[in-house]
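Below is one structure; the comments refer to it alone.
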Amino acid sequence: MQDLIRTLLSELGEDPRREGLRDTPKRVEKALKFLTSGYQADIDQVLNNALFTVDYSEMVIVKDIDFYSLCEHHLLPFFGKCHVAYVPSTKVIGLSKIPRLVDVFARRLQVQERLTNQIADTIQEKIHPLGVAVVMEATHLCMAMRGVEKQNSVAVTSAMNGAFRNNARTRLEFLELVKIRGTAVMRDASATLACVGED
Ligand SMILES: [Zn+2]
């Protein structure tokens, strides 16, 4: 990988041998491996010993989870907040595991819509709740840094299953609790202005 990065630096018109860039290939390799470490993660291992049987059916919410990901179209970061909620049927996930789950999928090359769905689908599959909802609000540097359209815009994506899809009150309760900005957008449940289609 380091040779490729040296070549990339040359192609960009740089001198990879100059002092400031000498260790850059090593650093970039290390950073990229960390930022894509989600490919190596094993979900079952991440959730190990953290699925509990309960007699509890109130909504569980973990909000304002910071996440950082890389857009697969430009290899540039997109980042923001993730809000996760579910209504348990028989099982819950240890609360600290939810942000870990978000990291596993965020540390891959992603589009925001797929990332949102993967988090929801995994929770659905692992504990079969009565409903699961995931909302992500993100800034895409591939749009902001390149001056594409509205630079301060935030892309909002959501995945809602079960009770969150079928029951307007459950959905509203969740959206109220996480105080999503621009709830008009949320009525569509999947509005997005992610970078798909941009050059
Ligand atoms: Zn992009």
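Start at 1 and go down the list; that is how both ligands and their atoms are numbered.
- Gln124 places no side-chain N or O within 3.5 Å of a backbone atom of Asn161 that could act as its donor or acceptor partner.
- Of the possible polar contacts, one joining the Gln110 side chain to the Phe105 backbone as a donor-acceptor pair under 3.5 Å is found.
- Between Glu173 and Arg169, none of the side-chain N atoms (NZ, or NE/NH1/NH2) sits under 4.0 Å from a carboxylate O, so this pair counts as no salt bridge.
- Using bins of under 30°, 30° to 60° and over 60° for the plane-to-plane angle, the ring pair Phe78/Phe67 lands in the perpendicular bin.
- The N, O or S atom of His74 with the smallest distance to the Zn ion (ligand 1) is ND1.
- Coordination check, His140 versus the Zn ion (ligand 1): failed, since every N/O/S atom of the residue sits at 2.8 Å or beyond.
- For residue Cys142, an N/O/S atom approaches the Zn ion (ligand 1) to within less than 2.8 Å.
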